[in-house]
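Position 1 is the first residue of the sequence; numbering continues from there.
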Amino acid sequence: MSTASAAVALFGTQNAAAAPPTQSLRPLARGVDHFKKSVAGPETIVAQAKLGGRVSFVAADARSGQVLEGMNAKVGIPPASVAKVITALYALDALGPNHRFVTRIVATGGVSNGVVRGDLVLVGGGDPTLDTNALAALAQALKDKGIREVRGAFKVAEGALPFVRSIDKDQPDHVGYSPAVSGIALNYNRVHFEWKRSGNGYGVTMDARSDRYRPAVYVAKMQIANRDLPVYTYKDGGRSDNWTVSRRALGGGGSRWLPVRKPALYAGDVFQTLARAQGIVLKNPEIVKRAPQGVALVAHQSDDLRSILRAMLRFSTNLTAEMVGMAATKARTGRVSGLKASASEMNRWMASALDAPGARLVDHSGLGGASNMTATAMVQALVKVNQNKVLRPILKPVAMLDANRRAIKNHPIEVNAKTGTLNFVSGLAGYMTAPDGRELAFAIFAADEATRGRISKANREAPQGARSWNRRAKRMQQQLIERWGTLYGA
(Lines give C-alpha, C1' and ligand atoms only; values in the text may rest on other atoms or scores of the structure.)
Protein backbone atom coordinates (compact mmCIF):
# COMPACT_ATOMS: atom_id res chain seq x y z
CA MET A 1 0.00 0.00 0.00
CA SER A 2 1.37 3.43 -0.87
CA THR A 3 2.07 6.06 1.76
CA ALA A 4 -0.93 8.18 0.78
CA SER A 5 -3.36 5.26 0.49
CA ALA A 6 -2.29 3.86 3.86
CA ALA A 7 -3.04 7.18 5.50
CA VAL A 8 -6.44 7.40 3.80
CA ALA A 9 -7.32 3.99 5.24
CA LEU A 10 -6.67 5.26 8.76
CA PHE A 11 -7.51 8.94 8.56
CA GLY A 12 -10.02 9.16 5.72
CA THR A 13 -10.09 11.95 3.14
CA GLN A 14 -10.67 15.59 3.80
CA ASN A 15 -9.80 18.89 2.22
CA ALA A 16 -6.44 20.11 3.46
CA ALA A 17 -6.34 23.40 5.28
CA ALA A 18 -5.63 26.33 3.04
CA ALA A 19 -2.20 27.78 3.66
CA PRO A 20 -2.48 30.86 5.87
CA PRO A 21 -0.51 33.96 4.97
CA THR A 22 2.77 34.72 6.68
CA GLN A 23 1.45 37.94 8.19
CA SER A 24 -1.05 38.34 10.96
CA LEU A 25 -4.69 38.41 9.90
CA ARG A 26 -7.41 40.47 11.48
CA PRO A 27 -10.83 38.89 11.85
CA LEU A 28 -13.52 40.11 9.52
CA ALA A 29 -16.25 42.13 11.19
CA ARG A 30 -19.42 40.08 11.11
CA GLY A 31 -21.76 41.63 13.56
CA VAL A 32 -19.51 41.23 16.56
CA ASP A 33 -20.65 42.97 19.70
CA HIS A 34 -18.73 45.52 21.72
CA PHE A 35 -17.27 42.84 24.00
CA LYS A 36 -15.79 41.00 21.04
CA LYS A 37 -14.37 44.21 19.62
CA SER A 38 -12.55 44.79 22.90
CA VAL A 39 -10.63 41.50 22.73
CA ALA A 40 -6.90 42.16 22.46
CA GLY A 41 -5.44 41.72 19.00
CA PRO A 42 -2.83 39.02 18.32
CA GLU A 43 -0.01 41.52 17.86
CA THR A 44 -0.79 42.99 21.28
CA ILE A 45 -0.93 39.57 22.93
CA VAL A 46 2.40 38.55 21.40
CA ALA A 47 4.09 41.85 22.24
CA GLN A 48 2.95 41.77 25.86
CA ALA A 49 4.53 38.31 26.31
CA LYS A 50 7.99 39.82 25.69
CA LEU A 51 9.42 36.55 24.41
CA GLY A 52 11.91 37.90 21.89
CA GLY A 53 12.77 35.64 18.99
CA ARG A 54 9.84 34.49 16.88
CA VAL A 55 6.20 33.59 17.45
CA SER A 56 4.13 31.66 14.91
CA PHE A 57 0.53 30.51 15.06
CA VAL A 58 -2.45 29.39 13.01
CA ALA A 59 -6.06 28.82 14.03
CA ALA A 60 -8.44 27.10 11.59
CA ASP A 61 -11.88 25.56 11.48
CA ALA A 62 -11.23 21.90 12.29
CA ARG A 63 -13.87 20.63 9.87
CA SER A 64 -13.36 22.76 6.77
CA GLY A 65 -9.76 23.83 7.24
CA GLN A 66 -10.70 27.49 6.75
CA VAL A 67 -7.92 29.59 8.27
CA LEU A 68 -9.25 32.09 10.79
CA GLU A 69 -6.08 33.75 11.98
CA GLY A 70 -2.34 33.38 11.59
CA MET A 71 1.02 34.99 12.23
CA ASN A 72 4.36 33.96 10.69
CA ALA A 73 2.52 30.82 9.74
CA LYS A 74 5.10 29.47 7.30
CA VAL A 75 8.15 30.16 9.45
CA GLY A 76 9.83 26.98 10.69
CA ILE A 77 10.27 26.98 14.48
CA PRO A 78 11.38 24.16 16.83
CA PRO A 79 8.16 22.39 17.87
CA ALA A 80 9.69 20.69 20.93
CA SER A 81 7.43 17.87 22.12
CA VAL A 82 4.55 18.95 19.88
CA ALA A 83 6.42 16.77 17.35
CA LYS A 84 5.10 13.74 19.27
CA VAL A 85 1.67 14.41 17.74
CA ILE A 86 3.08 13.62 14.30
CA THR A 87 4.95 10.61 15.69
CA ALA A 88 1.71 9.26 17.16
CA LEU A 89 -0.11 9.61 13.83
CA TYR A 90 2.84 8.06 11.99
CA ALA A 91 2.93 5.04 14.31
CA LEU A 92 -0.84 4.54 14.20
CA ASP A 93 -0.74 4.54 10.42
CA ALA A 94 2.21 2.14 10.09
CA LEU A 95 1.51 -0.25 12.97
CA GLY A 96 -2.20 0.12 13.72
CA PRO A 97 -3.82 1.06 17.05
CA ASN A 98 -3.96 -2.56 18.26
CA HIS A 99 -0.29 -3.34 17.71
CA ARG A 100 1.52 -4.84 20.69
CA PHE A 101 5.27 -5.11 21.19
CA VAL A 102 6.51 -8.54 22.30
CA THR A 103 9.54 -9.33 24.44
CA ARG A 104 10.52 -13.01 24.31
CA ILE A 105 12.74 -15.48 26.12
CA VAL A 106 14.19 -17.92 23.60
CA ALA A 107 16.13 -21.13 24.22
CA THR A 108 18.63 -22.55 21.74
CA GLY A 109 19.80 -26.16 21.72
CA GLY A 110 16.60 -27.58 23.12
CA VAL A 111 15.21 -28.07 26.63
CA SER A 112 15.23 -31.35 28.53
CA ASN A 113 13.96 -31.97 32.07
CA GLY A 114 14.03 -28.26 32.84
CA VAL A 115 17.55 -27.77 31.52
CA VAL A 116 18.26 -25.41 28.62
CA ARG A 117 21.03 -27.23 26.73
CA GLY A 118 22.05 -24.19 24.71
CA ASP A 119 21.73 -20.45 25.30
CA LEU A 120 18.94 -18.45 26.90
CA VAL A 121 18.19 -15.26 24.98
CA LEU A 122 16.22 -12.21 26.11
CA VAL A 123 14.91 -10.86 22.81
CA GLY A 124 13.87 -7.22 22.72
CA GLY A 125 10.86 -6.44 20.57
CA GLY A 126 11.00 -2.65 20.63
CA ASP A 127 8.70 -2.27 23.64
CA PRO A 128 9.25 1.21 25.11
CA THR A 129 7.18 0.40 28.20
CA LEU A 130 8.98 -2.74 29.42
CA ASP A 131 9.61 -2.39 33.15
CA THR A 132 11.05 -4.33 36.06
CA ASN A 133 7.65 -5.83 36.89
CA ALA A 134 7.45 -7.30 33.37
CA LEU A 135 10.94 -8.79 33.61
CA ALA A 136 10.06 -10.27 37.00
CA ALA A 137 6.95 -11.83 35.46
CA LEU A 138 9.08 -13.35 32.69
CA ALA A 139 11.45 -14.84 35.27
CA GLN A 140 8.49 -16.25 37.21
CA ALA A 141 7.03 -17.67 34.00
CA LEU A 142 10.32 -19.47 33.27
CA LYS A 143 10.22 -21.09 36.69
CA ASP A 144 6.55 -22.02 36.23
CA LYS A 145 7.51 -23.68 32.95
CA GLY A 146 9.94 -25.86 34.84
CA ILE A 147 13.18 -24.18 33.76
CA ARG A 148 15.80 -24.69 36.46
CA GLU A 149 19.16 -24.58 34.71
CA VAL A 150 20.82 -22.98 31.67
CA ARG A 151 23.95 -24.74 30.37
CA GLY A 152 24.86 -22.18 27.72
CA ALA A 153 25.29 -18.44 27.63
CA PHE A 154 22.80 -15.77 28.58
CA LYS A 155 22.35 -13.30 25.74
CA VAL A 156 20.33 -10.15 25.12
CA ALA A 157 19.26 -9.40 21.53
CA GLU A 158 18.86 -5.65 21.00
CA GLY A 159 18.79 -5.40 17.20
CA ALA A 160 15.04 -4.88 16.71
CA LEU A 161 15.90 -1.17 16.47
CA PRO A 162 19.18 0.70 15.89
CA PHE A 163 21.32 1.68 18.83
CA VAL A 164 21.45 5.43 19.59
CA ARG A 165 23.73 6.52 22.43
CA SER A 166 21.65 9.57 23.36
CA ILE A 167 18.46 10.94 21.82
CA ASP A 168 20.07 14.38 21.63
CA LYS A 169 23.85 14.49 22.02
CA ASP A 170 23.67 18.20 22.88
CA GLN A 171 21.90 17.50 26.17
CA PRO A 172 23.84 17.17 29.45
CA ASP A 173 24.99 13.59 30.08
CA HIS A 174 22.98 13.18 33.27
CA VAL A 175 19.45 14.16 32.16
CA GLY A 176 17.05 11.23 32.25
CA TYR A 177 14.99 12.46 29.32
CA SER A 178 17.82 11.80 26.83
CA PRO A 179 18.80 8.14 27.35
CA ALA A 180 20.14 5.65 24.86
CA VAL A 181 17.80 3.87 22.47
CA SER A 182 17.92 0.29 21.18
CA GLY A 183 15.60 -2.62 20.45
CA ILE A 184 15.19 -3.30 24.16
CA ALA A 185 14.43 -0.77 26.87
CA LEU A 186 13.84 -1.05 30.60
CA ASN A 187 12.20 1.55 32.82
CA TYR A 188 12.48 4.06 29.96
CA ASN A 189 16.24 3.39 30.04
CA ARG A 190 16.71 5.11 33.35
CA VAL A 191 18.42 3.88 36.52
CA HIS A 192 17.43 5.08 39.98
CA PHE A 193 20.25 6.75 41.94
CA GLU A 194 19.61 7.30 45.67
CA TRP A 195 21.88 8.65 48.36
CA LYS A 196 21.56 8.87 52.14
CA ARG A 197 23.90 10.46 54.64
CA SER A 198 25.64 7.85 56.76
CA GLY A 199 28.03 9.14 59.42
CA ASN A 200 30.64 11.27 57.69
CA GLY A 201 29.79 9.82 54.27
CA TYR A 202 26.92 8.65 52.12
CA GLY A 203 25.27 5.36 51.32
CA VAL A 204 24.64 5.11 47.57
CA THR A 205 22.39 2.73 45.65
CA MET A 206 21.77 2.24 41.93
CA ASP A 207 18.69 0.14 41.24
CA ALA A 208 15.95 -0.64 38.73
CA ARG A 209 13.08 -0.04 41.08
CA SER A 210 9.40 -0.45 40.40
CA ASP A 211 6.43 -0.41 42.73
CA ARG A 212 7.17 -4.06 43.60
CA TYR A 213 10.90 -4.65 43.20
CA ARG A 214 14.22 -2.92 43.77
CA PRO A 215 16.90 -5.05 42.10
CA ALA A 216 20.40 -3.65 42.41
CA VAL A 217 22.06 -2.60 39.15
CA TYR A 218 25.71 -3.39 38.50
CA VAL A 219 26.05 -1.98 35.00
CA ALA A 220 25.63 1.55 36.41
CA LYS A 221 28.25 2.64 38.94
CA MET A 222 28.46 5.79 41.05
CA GLN A 223 31.38 7.37 42.89
CA ILE A 224 31.27 10.46 45.10
CA ALA A 225 33.87 13.10 44.22
CA ASN A 226 35.22 15.93 46.35
CA ARG A 227 34.46 18.88 44.08
CA ASP A 228 31.92 21.65 43.57
CA LEU A 229 31.24 21.42 39.85
CA PRO A 230 30.25 19.75 37.68
CA VAL A 231 27.59 18.02 39.72
CA TYR A 232 27.78 14.87 37.55
CA THR A 233 30.31 13.37 35.18
CA TYR A 234 29.89 10.34 32.95
CA LYS A 235 32.42 7.96 31.42
CA ASP A 236 31.85 4.92 29.26
CA GLY A 237 33.32 2.00 31.17
CA GLY A 238 32.97 -0.55 28.39
CA ARG A 239 30.53 -2.86 30.16
CA SER A 240 29.35 -0.19 32.59
CA ASP A 241 28.08 3.37 32.87
CA ASN A 242 30.52 5.08 35.24
CA TRP A 243 29.19 8.15 37.05
CA THR A 244 30.62 10.55 39.59
CA VAL A 245 28.70 13.09 41.64
CA SER A 246 29.80 16.14 43.60
CA ARG A 247 29.75 15.48 47.35
CA ARG A 248 28.80 19.10 48.00
CA ALA A 249 25.67 18.76 45.88
CA LEU A 250 24.23 15.82 47.83
CA GLY A 251 22.94 17.51 51.00
CA GLY A 252 21.27 15.23 53.50
CA GLY A 253 19.94 12.75 50.95
CA GLY A 254 17.81 12.41 47.86
CA SER A 255 17.33 10.57 44.59
CA ARG A 256 16.99 11.04 40.84
CA TRP A 257 16.74 8.98 37.68
CA LEU A 258 19.85 8.93 35.51
CA PRO A 259 19.93 7.87 31.86
CA VAL A 260 21.16 4.44 30.80
CA ARG A 261 23.65 4.35 27.92
CA LYS A 262 23.79 0.54 27.67
CA PRO A 263 20.15 -0.57 27.49
CA ALA A 264 20.76 -4.23 26.60
CA LEU A 265 23.32 -4.73 29.37
CA TYR A 266 20.98 -2.96 31.79
CA ALA A 267 18.04 -5.21 30.92
CA GLY A 268 20.29 -8.30 31.05
CA ASP A 269 21.75 -7.24 34.40
CA VAL A 270 18.31 -6.85 35.95
CA PHE A 271 16.88 -10.03 34.42
CA GLN A 272 19.88 -12.01 35.69
CA THR A 273 19.08 -10.83 39.24
CA LEU A 274 15.37 -11.57 38.92
CA ALA A 275 16.01 -15.04 37.44
CA ARG A 276 18.40 -15.83 40.29
CA ALA A 277 15.59 -15.01 42.72
CA GLN A 278 13.63 -17.81 40.99
CA GLY A 279 16.52 -20.25 41.38
CA ILE A 280 17.72 -19.90 37.77
CA VAL A 281 21.41 -18.99 37.63
CA LEU A 282 22.47 -17.22 34.44
CA LYS A 283 25.92 -16.25 33.24
CA ASN A 284 26.71 -12.57 32.77
CA PRO A 285 24.80 -11.17 29.80
CA GLU A 286 26.29 -11.05 26.30
CA ILE A 287 24.88 -8.57 23.79
CA VAL A 288 23.94 -9.68 20.27
CA LYS A 289 22.18 -7.86 17.48
CA ARG A 290 20.12 -10.63 15.94
CA ALA A 291 18.06 -13.10 17.90
CA PRO A 292 19.30 -16.65 17.24
CA GLN A 293 17.00 -19.43 16.13
CA GLY A 294 15.39 -21.27 19.00
CA VAL A 295 12.23 -22.07 20.88
CA ALA A 296 10.26 -19.25 22.49
CA LEU A 297 9.69 -20.29 26.09
CA VAL A 298 7.76 -17.30 27.46
CA ALA A 299 6.78 -13.84 26.24
CA HIS A 300 5.50 -10.50 27.48
CA GLN A 301 3.12 -8.34 25.45
CA SER A 302 2.87 -4.59 25.85
CA ASP A 303 -0.40 -2.70 26.04
CA ASP A 304 -1.95 -1.82 22.69
CA LEU A 305 -0.26 0.97 20.75
CA ARG A 306 -3.15 3.40 21.18
CA SER A 307 -2.80 3.17 24.98
CA ILE A 308 0.98 3.56 24.73
CA LEU A 309 0.59 6.66 22.60
CA ARG A 310 -1.99 8.18 24.93
CA ALA A 311 0.50 7.86 27.79
CA MET A 312 3.31 9.21 25.59
CA LEU A 313 1.29 12.31 24.75
CA ARG A 314 0.27 12.82 28.37
CA PHE A 315 3.69 12.35 29.98
CA SER A 316 5.80 13.35 26.96
CA THR A 317 8.13 10.36 27.20
CA ASN A 318 10.92 10.89 24.71
CA LEU A 319 12.06 7.27 24.64
CA THR A 320 8.57 6.08 23.69
CA ALA A 321 8.45 8.54 20.80
CA GLU A 322 11.82 7.45 19.43
CA MET A 323 11.10 3.73 19.71
CA VAL A 324 7.60 3.79 18.22
CA GLY A 325 8.78 6.21 15.53
CA MET A 326 11.62 3.93 14.43
CA ALA A 327 9.35 0.89 14.68
CA ALA A 328 6.91 2.64 12.34
CA THR A 329 9.66 3.36 9.82
CA LYS A 330 10.80 -0.27 9.96
CA ALA A 331 7.23 -1.46 9.39
CA ARG A 332 6.75 0.94 6.47
CA THR A 333 10.05 0.52 4.65
CA GLY A 334 11.39 -2.81 5.88
CA ARG A 335 14.44 -1.24 7.50
CA VAL A 336 15.52 1.59 9.76
CA SER A 337 19.11 2.80 9.85
CA GLY A 338 19.00 5.42 12.56
CA LEU A 339 17.09 8.13 14.33
CA LYS A 340 17.67 11.01 11.93
CA ALA A 341 16.93 8.87 8.86
CA SER A 342 13.74 7.62 10.48
CA ALA A 343 12.65 11.19 11.25
CA SER A 344 13.31 12.13 7.62
CA GLU A 345 11.04 9.30 6.50
CA MET A 346 8.35 10.61 8.84
CA ASN A 347 8.75 14.11 7.36
CA ARG A 348 8.12 12.69 3.90
CA TRP A 349 5.10 10.75 5.16
CA MET A 350 3.67 13.87 6.78
CA ALA A 351 4.01 15.85 3.56
CA SER A 352 2.38 13.21 1.33
CA ALA A 353 -0.06 11.36 3.57
CA LEU A 354 -1.29 14.35 5.58
CA ASP A 355 -0.91 16.96 2.83
CA ALA A 356 1.27 18.86 5.29
CA PRO A 357 4.74 19.79 4.05
CA GLY A 358 6.77 22.07 6.25
CA ALA A 359 8.37 19.76 8.83
CA ARG A 360 12.11 19.25 9.20
CA LEU A 361 12.28 17.00 12.25
CA VAL A 362 15.55 15.35 13.25
CA ASP A 363 13.99 12.91 15.72
CA HIS A 364 10.58 11.62 16.78
CA SER A 365 10.38 13.27 20.21
CA GLY A 366 11.14 16.91 19.39
CA LEU A 367 14.08 16.94 21.79
CA GLY A 368 16.59 17.92 19.13
CA GLY A 369 16.78 21.69 18.83
CA ALA A 370 17.62 21.42 15.11
CA SER A 371 14.06 20.32 14.34
CA ASN A 372 11.62 22.86 12.96
CA MET A 373 8.04 22.89 11.76
CA THR A 374 5.64 25.51 10.47
CA ALA A 375 2.35 26.23 12.18
CA THR A 376 0.71 25.80 8.78
CA ALA A 377 1.97 22.22 8.49
CA MET A 378 0.86 21.33 12.00
CA VAL A 379 -2.66 22.67 11.52
CA GLN A 380 -3.01 21.03 8.11
CA ALA A 381 -2.18 17.70 9.75
CA LEU A 382 -4.67 18.30 12.55
CA VAL A 383 -7.44 19.15 10.09
CA LYS A 384 -6.61 16.12 7.94
CA VAL A 385 -7.04 13.62 10.77
CA ASN A 386 -9.94 15.37 12.48
CA GLN A 387 -12.61 13.60 10.42
CA ASN A 388 -11.98 10.15 11.92
CA LYS A 389 -11.27 11.43 15.46
CA VAL A 390 -8.15 9.30 15.84
CA LEU A 391 -6.15 11.99 17.62
CA ARG A 392 -8.22 14.18 19.92
CA PRO A 393 -9.31 11.30 22.21
CA ILE A 394 -5.67 10.52 23.03
CA LEU A 395 -4.56 14.14 23.49
CA LYS A 396 -4.34 15.45 27.02
CA PRO A 397 -6.98 17.95 28.23
CA VAL A 398 -5.31 21.32 28.80
CA ALA A 399 -6.83 23.44 31.57
CA MET A 400 -7.31 27.17 31.33
CA LEU A 401 -5.62 28.87 34.30
CA ASP A 402 -6.51 31.87 36.43
CA ALA A 403 -4.11 34.64 37.47
CA ASN A 404 -2.73 32.39 40.21
CA ARG A 405 -2.12 29.55 37.73
CA ARG A 406 -4.93 27.44 39.12
CA ALA A 407 -7.21 25.50 36.80
CA ILE A 408 -10.50 27.23 36.09
CA LYS A 409 -13.32 24.75 36.65
CA ASN A 410 -16.03 24.57 33.99
CA HIS A 411 -14.22 26.93 31.65
CA PRO A 412 -16.37 27.40 28.51
CA ILE A 413 -13.46 26.53 26.19
CA GLU A 414 -12.32 22.90 26.05
CA VAL A 415 -8.80 22.18 24.84
CA ASN A 416 -7.08 18.90 23.99
CA ALA A 417 -3.53 19.49 22.91
CA LYS A 418 0.14 18.60 23.16
CA THR A 419 2.54 20.91 24.90
CA GLY A 420 6.19 21.25 23.96
CA THR A 421 8.94 22.79 26.06
CA LEU A 422 12.66 23.25 25.55
CA ASN A 423 14.85 26.01 26.91
CA PHE A 424 13.35 29.22 25.47
CA VAL A 425 11.10 27.16 23.19
CA SER A 426 7.39 26.58 23.79
CA GLY A 427 4.72 24.99 21.63
CA LEU A 428 1.09 24.03 21.93
CA ALA A 429 -1.02 22.37 19.23
CA GLY A 430 -4.30 20.50 19.14
CA TYR A 431 -8.02 21.15 19.17
CA MET A 432 -10.26 23.56 21.02
CA THR A 433 -14.03 23.70 21.28
CA ALA A 434 -15.47 27.20 21.49
CA PRO A 435 -18.33 27.97 23.90
CA ASP A 436 -20.89 27.51 21.12
CA GLY A 437 -19.46 24.12 20.08
CA ARG A 438 -17.36 25.09 17.07
CA GLU A 439 -14.16 23.06 16.90
CA LEU A 440 -10.90 24.72 15.90
CA ALA A 441 -7.47 23.27 15.14
CA PHE A 442 -4.54 25.39 16.20
CA ALA A 443 -0.76 25.48 16.56
CA ILE A 444 1.31 28.02 18.49
CA PHE A 445 5.11 27.98 18.36
CA ALA A 446 7.52 30.38 20.06
CA ALA A 447 11.31 30.34 20.24
CA ASP A 448 14.08 32.66 21.29
CA GLU A 449 16.82 30.73 19.52
CA ALA A 450 19.46 33.40 20.00
CA THR A 451 19.19 33.18 23.78
CA ARG A 452 18.94 29.40 23.60
CA GLY A 453 22.11 29.24 21.52
CA ARG A 454 24.11 31.05 24.20
CA ILE A 455 23.41 28.42 26.89
CA SER A 456 26.36 26.14 27.61
CA LYS A 457 25.78 22.39 27.56
CA ALA A 458 26.41 22.16 31.29
CA ASN A 459 23.59 24.64 32.04
CA ARG A 460 20.90 23.24 29.75
CA GLU A 461 18.95 21.39 32.42
CA ALA A 462 17.69 24.61 34.07
CA PRO A 463 19.21 27.79 32.61
CA GLN A 464 18.55 31.17 34.17
CA GLY A 465 15.42 32.86 32.86
CA ALA A 466 13.99 29.81 31.09
CA ARG A 467 11.25 29.16 33.62
CA SER A 468 9.86 32.70 33.59
CA TRP A 469 10.11 32.79 29.76
CA ASN A 470 8.11 29.58 29.56
CA ARG A 471 5.48 30.94 31.94
CA ARG A 472 5.01 34.00 29.73
CA ALA A 473 4.78 31.80 26.63
CA LYS A 474 2.06 29.67 28.19
CA ARG A 475 0.13 32.76 29.23
CA MET A 476 0.33 34.02 25.64
CA GLN A 477 -0.96 30.67 24.39
CA GLN A 478 -3.97 30.84 26.68
CA GLN A 479 -4.74 34.42 25.67
CA LEU A 480 -4.71 33.46 22.00
CA ILE A 481 -6.99 30.50 22.67
CA GLU A 482 -9.41 32.67 24.63
CA ARG A 483 -9.35 35.22 21.82
CA TRP A 484 -10.25 32.56 19.23
CA GLY A 485 -12.95 31.12 21.45
CA THR A 486 -14.51 34.57 21.76
CA LEU A 487 -14.25 35.68 18.15
CA TYR A 488 -14.62 32.56 16.04
CA GLY A 489 -17.54 30.63 17.46
CA ALA A 490 -19.93 29.44 14.79
Side-chain angles (χ1 to χ4, degrees), residues 103 105 120 122 124 127-144 147 150 154 156 158 173-182 184-199 201-224 231-232 234 237 239-245 247 249-285 287 298-303 311 315 317-320:
T103 305
I105 304 290
L120 193 76
L122 173 62
D127 181 2
T129 63
L130 188 73
D131 62 8
T132 296
N133 288 350
L135 282 191
L138 284 171
Q140 179 68 57
L142 278 182
K143 180 182 180 180
D144 294 344
I147 302 300
V150 176
F154 170 46
V156 182
E158 68 170 358
D173 286 333
H174 64 277
V175 294
Y177 53 76
S178 188
V181 185
S182 79
I184 190 166
L186 180 65
N187 301 328
Y188 300 104
N189 286 342
R190 300 176 306 163
V191 62
H192 190 263
F193 164 46
E194 185 172 13
W195 62 95
K196 295 180 180 178
R197 186 179 290 278
S198 177
Y202 289 90
V204 171
T205 59
M206 302 286 272
D207 62 55
R209 67 178 54 192
S210 68
D211 59 343
R212 298 176 59 189
Y213 306 95
R214 291 190 179 184
V217 172
Y218 304 100
V219 72
K221 305 177 185 298
M222 179 64 74
Q223 289 187 340
I224 299 175
V231 175
Y232 292 95
Y234 170 82
R239 284 185 61 85
S240 62
D241 287 333
N242 295 342
W243 296 93
T244 71
V245 63
R247 178 185 297 272
L250 295 180
S255 65
R256 73 170 293 158
W257 290 92
L258 293 171
V260 167
R261 302 289 177 219
K262 303 178 185 299
L265 276 175
Y266 176 49
D269 179 356
V270 174
F271 186 76
Q272 182 186 40
T273 298
L274 296 170
R276 187 184 302 117
Q278 299 296 339
I280 305 169
V281 177
L282 302 175
K283 297 180 175 65
N284 289 336
I287 309 308
V298 295
H300 168 77
Q301 284 194 344
S302 72
D303 286 342
F315 299 109
T317 44
N318 293 330
L319 183 72
T320 300

- request: Report yes if the side chains of Thr244 and Ile224 come closer than 4.5 Å at any heavy-atom pair, otherwise no.
  value: no
statement: What one should report as the nearest heavy-atom pair of Pro259 and Ser178 is CB-O, 4.2 Å
- request: Assess the side chains of Asn133 and Ser210: does a donor N or O sit below 3.5 Å from an acceptor N or O?
  value: yes
- request: For residues 211-221, pull every pair meeting salt bridge (Lys or Arg N to Asp or Glu O under 4.0 Å), keeping only residues two or more places apart or in separate chains.
  value: none
field: Test item: Met206 and Tyr218 side chains (from C-beta on) under 4.5 Å apart, heavy atoms
entry: no
field: Validation row: Asp303, Thr129 side chains within 4.5 angstrom (heavy atoms)
entry: no
query: Of all heavy-atom pairs between Ser198 and Gly203, which one has the smallest distance, and what is that distance?
result: CB-N, 4.1 Å
query: Looking only at heavy atoms, what is the nearest atom pair of Val298 and Ala141, with distance?
result: CG1-CB, 3.6 Å
message: Could you tell me if the side chain of Val270 sits less than 4.5 Å from the side chain of Tyr213, heavy atoms only?
response: no
- prompt: Are any non-hydrogen side-chain atoms of Leu122 and Phe154 less than 4.5 angstrom apart?
  reply: yes
query: Would a distance-only check, ignoring hydrogens and angles, find a side-chain to backbone donor-acceptor pair under 3.5 Å from Asp207 to Pro215?
result: no
task: Using a 4.5 Å cut-off on heavy atoms from C-beta on, say whether the side chain of Val281 contacts that of Val150.
output: no
message: Determine whether Glu194 and Arg209 satisfy the following criterion, side chain to side chain contact (heavy atoms under 4.5 Å, CB included), listing intermediate values before the conclusion.
response: CA-CA 11 Å; Glu194 185 172 13; Arg209 67 178 54 192; 2.8 Å; yes
task: Supply the atom-to-atom distance Asn318 CG to Tyr177 OH, rounded to the nearest 0.5 angstrom.
output: 9.0 Å
query: CG/Leu135 to CG/Leu130 distance, rounded to the nearest 0.5 angstrom?
result: 4.5 Å
- request: State, with a plain yes or no, whether a side-chain heavy atom of Phe193 is found less than 4.5 Å away from one of Val245.
  value: yes
- prompt: So do the side chains of Leu265 and Val156 get within less than 4.5 Å of each other, counting heavy atoms only?
  reply: no
message: Please check this pair: side chain of Ser182 against backbone of Ile184, looking for a donor-acceptor N/O pair closer than 3.5 Å.
response: yes
message: I need the Gln301 CD to Asp127 CG distance, nearest 0.5 Å.
response: 10.0 Å
task: Can you label the angle between the Tyr232 ring and the His174 ring as parallel, tilted or perpendicular, going by 30° and 60°?
output: parallel
- line: So CH2 of Trp195 and CE of Met222: to nearest 0.5 Å the spacing works out to 8.5 Å
statement: Minimal heavy-atom distance between Val219 and Arg239, with the atoms involved, is CG2-O, 3.3 Å
- request: Answer yes or no: is there a donor N or O on one side and an acceptor on the other, between the side chain of Asp173 and the main chain of Tyr234, under 3.5 Å?
  value: no
query: Going from NE2 on His192 to CG on Leu258, what distance comes out if it is rounded to the nearest 0.5 angstrom?
result: 9.5 Å
- prompt: Could you state the interatomic distance from CG (Leu138) to OG1 (Thr103), rounded to the nearest 0.5 Å?
  reply: 7.0 Å
- prompt: Any idea which heavy atoms bring Ala185 and Asn189 closest together, and the distance?
  reply: CA-OD1, 3.3 Å
- prompt: Between Arg190 and Val260, is there a donor-acceptor pair closer than 3.5 Å when you use the side chain of the first and the backbone of the second?
  reply: no
task: Provide the closest heavy-atom pair for Leu142 versus Phe271 in the form atom of the first, atom of the second, distance.
output: CD1-CZ, 3.8 Å
field: Steps toward side chain to side chain contact (heavy atoms under 4.5 Å, CB included) verdict (Trp257, Val191)
entry: CA-CA 6 Å; Trp257 290 92; Val191 62; 5.5 Å; no
- prompt: Passes side chain to side chain contact (heavy atoms under 4.5 Å, CB included), Arg247 versus Tyr202? Steps please.
  reply: CA-CA 9 Å; Arg247 178 185 297 272; Tyr202 289 90; 4.0 Å; yes
- prompt: Any donor-acceptor pair under 3.5 Å linking the side chain of Gln272 with the backbone of Lys283?
  reply: yes
field: Residue pairs passing the salt bridge (Lys or Arg N to Asp or Glu O under 4.0 Å) test where at least one lies in residues 258-278, sequence neighbours excluded
entry: Asp236-Lys262
- line: Residues passing the side chain to side chain contact (heavy atoms under 4.5 Å, CB included) test with Ala249, sequence neighbours excluded, are Val231, Ser246
